[in-house]
Amino acid sequence: MGNDTVIGLEIHVQLLTKTKIFCNCSTDYFDQEPNSHTCPVCLGLPGSLPVLNKKAVDFAILTALALNCHINESNIFHRKNYFYPDLPKAYQISQFDRPLAENGFLEIRTEKSAESRNIRINRAHMEEDAGKLIHLERDGKTSSSLVDYNRSGIPLLEIVTEPDIQSSEEAIVFLQTLRSIVQYLGVCDGNLERGSMRCDANISIRNKENGELGTKTELKNMNSFRAIRQALDFEITRQRRLIEQGGKVLQETRRWDESSGKTVFMRSKEEALDYRYFPEPDLLPLFISQSWIESIENNIPELPDERKERFMKDYKLPHYDANRLVEVKPLGDYFERAAKNYNNYKQLANWILGELLCYLGQENIDIDKSPITPVALIELLELIDRGVISGKIAKNIFEEMFKTGQSAALLVEKSGSTQISNKEEIDDIIEKVVRDNCETVQDYISGKEKAIHFLVGQVMRYTKGRAQPDMVLSLLRERIDKT
Amino acid sequence: MSKQIVTEKDVGYIAKLAKIGLNKREKELYSGQINDILLFFARIKELNTEQIEPTFFEGTPSQHFHEDVVMPSLPQNIALGMTGCREDGYFEVPGIL
Amino acid sequence: MPLNELSVVDYLNKMNNREISAEQVLKDIFNQIDRIDKTVKSYLYLNKEEALSEAKKIDQKIKNNDIPPLAGLPVAINDNICTGGMETTAASRILKGFIPPYDATVIKRIKDAGGIIIGKTNLDEFAMGISNENSAFQITLNPWDRTRVPGGASGGSAAAVAADETLIALGTDTGGSVRLPASFCGISAIKPTYGRISRYGVIGCASSLEQIGIMGKGIKDLAILMNVISGYDELDSTSSHISTPDFLLSCREGINNLKFGIPKEFFSQDLDRGVKEKVIDSINRISQLGGKIEEVSLPNMEYALPAYSIIAMAEASSNLAKFDGISYGLRIEDSGDLEEMYLKTRGSGFGAEVIRRILLGTYVLTSNHYEDYYLKAQKIRSLIKKDFENVFKKFDLLIGPASPVPPFKLGEKEDEPLAQILAEIYTSPVNMAGLPAISINCGFTEKERLPVGLQIIGPPFQEEKILRVAYNLEQELKEINSVKPDLSF
């Protein structure tokens, strides 16, 4: 059946300010003692009042500009009223009909398609995060829940897309592109697992014949790119099957259940609360002047797309390499730090995208915590370039460097794996190989060109790879031609 | 008989939104009183305010912000010290299903 | 004269002249409280020991010639203003035992200026009411007539001042909650312009309407405390950057040539005849002092009270949602069910008046009724503001009664929910426009000898003018104000 998938995303981005959105408590809450980062304001104590963090507004404007949004001059905060133990005031200060930014777009390009596409942004608004809940289980039932308000009041920017996304793949690319941008802007670390970027999705199926949009469901609780892809795929299939079988999709909120790999019913539309939004009287309207916007606009840092173009132009890297290097900002930074003192850019890119990412991935280490620094890496690459070690040996040395943090030069010297550049030493080995392999030498002489490669291999074996293959080849030819 | 604006059922619905537990007798009592007050409120319907902008906020609009500088938080024992319902550094509530 | 009967002005003079000590004054105050508060019931909490030790420290300082501006002045605080380390309940069962870990900004400023917090006074639960009968803990009596209410919401503070149980007190005013009890208890109270005094630490009921007010025995007393607690606070986003003048200086000038408007809507049929007489009498005196008097109209005033009530209740329903039993305050949990915990905690933690207002406030904010009630009320607020702006183009100040009635009997209006609203008919429009206003005692009704309050309303941030007129009138009414309630029981 040729029906289209229609997806809209709502992404919560935790802004990397030092303090919370309405108080001066530290936002550095992750892995801290519970309830150690709170004050009367973010605990919702009686009498406390919110005061807006200017930096949070700066970051929100910056992000909205990078998403090509229109920034509203007059901003109002609203209260969204509902009871939940993670919400200390029993209302969330958010924005409602006068959000910070509207009508933007983000350009994305999937690997499959040659063309890039714009996903429209409906709006972006500021709000405060809620606390965190932990559920204690006894006899398979939640016996009690524990509340930690350290996260309460962390500034969030909620970005809402139009339903322009057509597949789970596009959704992932959109999120990767967005994550890349917020990382480049320095406004969010983009860590889905830790929840510094969180994504909900609205999904429906459009009937291709009559163009009618089906009922949508809202999907929550997806904490990784993998989970998002699986959840979307599951939900798309579920809806399509339902429709094929003549059933009806119900408007409801569903939760991704990681363990069963399914989306499960959470609540129906009828159960949706009346949030009784009204303007927050404890905060006066926020006016964002043109000059404020301009001052931020003038300081937008280089974004991933621009950097990719620059990498292709300045370092002559192919599109694929440049694209991969810039996607995660610290990776691009790593490359550029190394490239400052090293100009075999292609070799550098190969090693970063190959060996380095491979080892980092295995050990689950972030690039900015890499045990091999850019300086250490180029030291190794220069040893290859100068012919001191072979590429193959370099890989072994690299592994040692990664494990021990020692320098390439030191490890090469220790292992004695410097290349043999002494011609006499190699001549002796060649002499031995020629003597021991008369038949193969004859094959070569009688025109079997390939036979000589076997001989090269033999020489390399005796030198434990410490000879330069090109040099061995020419010395071998010389030696056999003499006979 | 004065006009009925809210029924007991309406009051039950609002009470649930506001998380106020009411018994049958209280619902009855409050719906009568609330009805009276809503009738008094209804006076404002006489006035045509179509062209009028609302005043949601009091006070002179100003740019009022806090600087992004960390100040000490309450010590954990103080934050938790206002309730007996705590466990291992957390506030404890009945289980959320 | 017992030292608890001193005005703030006299207290400071005597302290500066080393005629008295802070400790002596406090002892007289606590003696008075010991003697009469079992009956009057102004206080919910007494900070006796700490206050006395603080007084000793200040006396010592003064000996060393270091005299702080308030020189140990005893101040009573309405119990909906947070005092660090001191129980703060807002007269609600839901906050019984709550000890805030911080001081409200006004408390900090009073302490920094060398003032002493002597205790927390009674009020209608969460400042919702006009009689103090909505307190969860006790009913304060009117010192002038102990069969009558002291007015509300800040009735405990008003009674404490009137009964010489403190020299001065703070209350809060959302729709008249310092002016009404001041009027009922025969004292003076000022509700400054919205934004003049920080609200940080006030247990918020209606954020866009309420201000801290000062309740005292004389106009200069109010000015002295205004000087200390006014001014911008970085912890309150709605606090104003406008500079704080020396309010005491404003009491120096006369009122010749000032123009006074008398809103005819404040003299409608709702106004008690005895109150009306006294108010008109004072207006005549102002005229004799050189003030120019003219009748004016505030055409939308009849809509002010319903619109005010809608906004106040809507904001309160949200502000009081935080009392959910989770991290502080009352929690009733017997079945291990979260929903039930909420319902029981809030259902039994709040009193009837508070529940009624929360329900109404919730109702007017639901998506079906938002436009007809809440939004419409906020539009009417614009009209009310405009009405005031228009008259202030021509007039310096407005004058009228503070309350439509004199203090009523205990229990008289208990079963009339609407009456709880109607008493604020002349005071709440002022909050709708964020204006400053004062209530000053202008005599006693002929028949029952009950206090009557005159209300003077000014344009935003013109408290100086209000204080100036009030002070001139106070001097004029000296013989009336020298009468004290009979507390010889």
Side-chain angles (χ1 to χ4, degrees), chain A residues 17-20 22-28 33-40 42-43 45 51-58 76 81-86 88 90 131 133-138 141-150 273-274 276 278-281 283-287 289 292, chain B residues 5-7 9-22 30 34 37-38 41 44 49 52-97:
Chain A
T17 51
K18 292 191 185 72
T19 61
K20 294 186 178 181
F22 297 124
C23 63
N24 288 81
C25 282
S26 167
T27 52
D28 183 20
E33 273 288 298
N35 297 301
S36 60
H37 286 48
T38 66
C39 72
C42 57
L43 269 181
L45 291 192
V51 177
L52 183 60
N53 183 345
K54 181 158 191 290
K55 196 80 192 169
V57 184
D58 285 344
I76 288 180
N81 295 283
Y82 65 98
F83 288 85
Y84 208 64
D86 64 4
L133 292 170
I134 295 175
H135 306 293
L136 298 182
E137 288 208 3
R138 196 174 297 150
K141 246 190 86 186
T142 311
S143 59
S144 68
S145 299
L146 302 179
V147 198
D148 172 12
Y149 290 120
N150 283 349
L273 282 173
D274 190 325
R276 290 156 286 137
F278 76 101
E280 161 61 289
L283 289 168
L284 295 174
L286 164 67
F287 288 101
S289 65
W292 187 354
Chain B
I5 301 180
V6 286
T7 61
K9 204 180 146 208
D10 295 331
V11 170
Y13 171 73
I14 319 164
K16 200 168 153 44
L17 268 183
K19 298 268 188 273
I20 304 270
L22 298 180
Y30 284 123
I34 285 172
I37 295 172
L38 286 175
F41 288 174
I44 66 169
T49 52
I52 314 290
E53 282 295 313
T55 300
F56 291 120
F57 306 94
E58 197 46 67
T60 0
S62 63
Q63 301 288 338
H64 195 120
F65 301 106
H66 79 250
E67 290 301 316
D68 197 26
V69 176
V70 175
M71 310 252 251
S73 293
L74 291 172
Q76 190 199 46
N77 63 324
I78 302 279
L80 292 166
M82 291 168 277
T83 179
C85 306
R86 51 182 194 255
E87 173 77 38
D88 206 15
Y90 294 89
F91 295 99
E92 191 177 18
V93 294
I96 302 162
L97 302 176

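Quick note: numbers below take in every heavy atom, side chains included, and nothing from hydrogens, waters or symmetry partners. Lettering of chains follows the sequences in order, A, B, ..., and the numbering in each one begins at 1.
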Within-4.5 Å side-chain heavy-atom neighbours: [X] and [Y]:
X        : Y         : value
Ile76(A) : Phe57(B)  : yes
Tyr13(B) : Asp274(A) : yes
Pro34(A) : Gln76(B)  : yes
Val51(A) : His64(B)  : yes

Fill in: More than 12 heavy atoms from other groups under 6.0 Å of CD on Glu53(B)
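Counting neighbours around CD of Glu53(B), 12 or fewer heavy atoms of other residues, nucleotides or ligands fall under 6.0 Å, so no.
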
Under a 4.5 Å heavy-atom cut-off, does chain B meet the side chain of [X], its backbone, both or neither?
X         : value
Glu280(A) : backbone
Leu43(A)  : side chain
Cys42(A)  : neither
Ser26(A)  : both

Worksheet item: Looking at Cys23(A), Ala56(A), Cys39(A), Pro85(A), which has the largest count of heavy-atom pairs under 4.5 Å with chain B?
Response: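 Looking at each option in turn, the highest pair count goes to Cys23(A).
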
Grab the two heavy atoms, one from [X] and one from [Y], that are nearest each other, plus how far apart they are.
X         : Y        : value
Leu146(A) : Glu87(B) : CD2-CB, 3.9 Å
Asn24(A)  : His66(B) : ND2-CD2, 3.5 Å
Leu74(B)  : Pro40(A) : CD1-CD, 3.9 Å
Ser73(B)  : Ser36(A) : CB-O, 3.6 Å
Asn35(A)  : Ala79(B) : O-CB, 4.0 Å
Leu17(B)  : Phe83(A) : O-CE1, 3.5 Å

Worksheet item: Should the ring pair Tyr149(A) and Phe91(B) be called parallel, tilted or perpendicular, given that the plane angle runs from 0 to 90° and is split at 30 and 60?
Response: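 Tyr149(A) and Phe91(B): tilted rings.
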
Item to complete: With side-chain contact (heavy atoms from CB on, under 4.5 Å) as the test, would you mind laying out the steps for Leu284(A) and Phe56(B) before giving the verdict?
Response: CA-CA 9 Å; Leu284(A) 295 174; Phe56(B) 291 120; over 6 Å; no

Item to complete: For Thr19(A) and Asp68(B), test the side chains for any donor-to-acceptor distance below 3.5 angstrom and give the result as yes or no.
Response: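 A donor-acceptor contact under 3.5 Å links the two side chains.
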
Item to complete: Report the distance from atom OG of Ser289(A) to atom CD of Gln63(B), rounding to the nearest 0.5 Å.
Response: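 Rounded to the nearest 0.5 Å, the OG-CD separation comes to 7.5 Å.
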
Worksheet item: What is the distance from atom CD1 of Ile134(A) to atom CD1 of Ile96(B), rounded to the nearest 0.5 Å?
Response: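 Here the rounded value is 11.5 Å.
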
Item to complete: Show your reasoning for whether side-chain contact (heavy atoms from CB on, under 4.5 Å) applies to Tyr90(B) and Val147(A).
Response: CA-CA 5 Å; Tyr90(B) 294 89; Val147(A) 198; 5.9 Å; no

Item to complete: Tell me, for Asn77(B) versus chain A, whether the close heavy atoms (under 4.5 Å) come from the side chain, the backbone, both or neither.
Response: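 Neither the backbone nor the side chain of Asn77(B) comes within 4.5 Å of chain A.
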
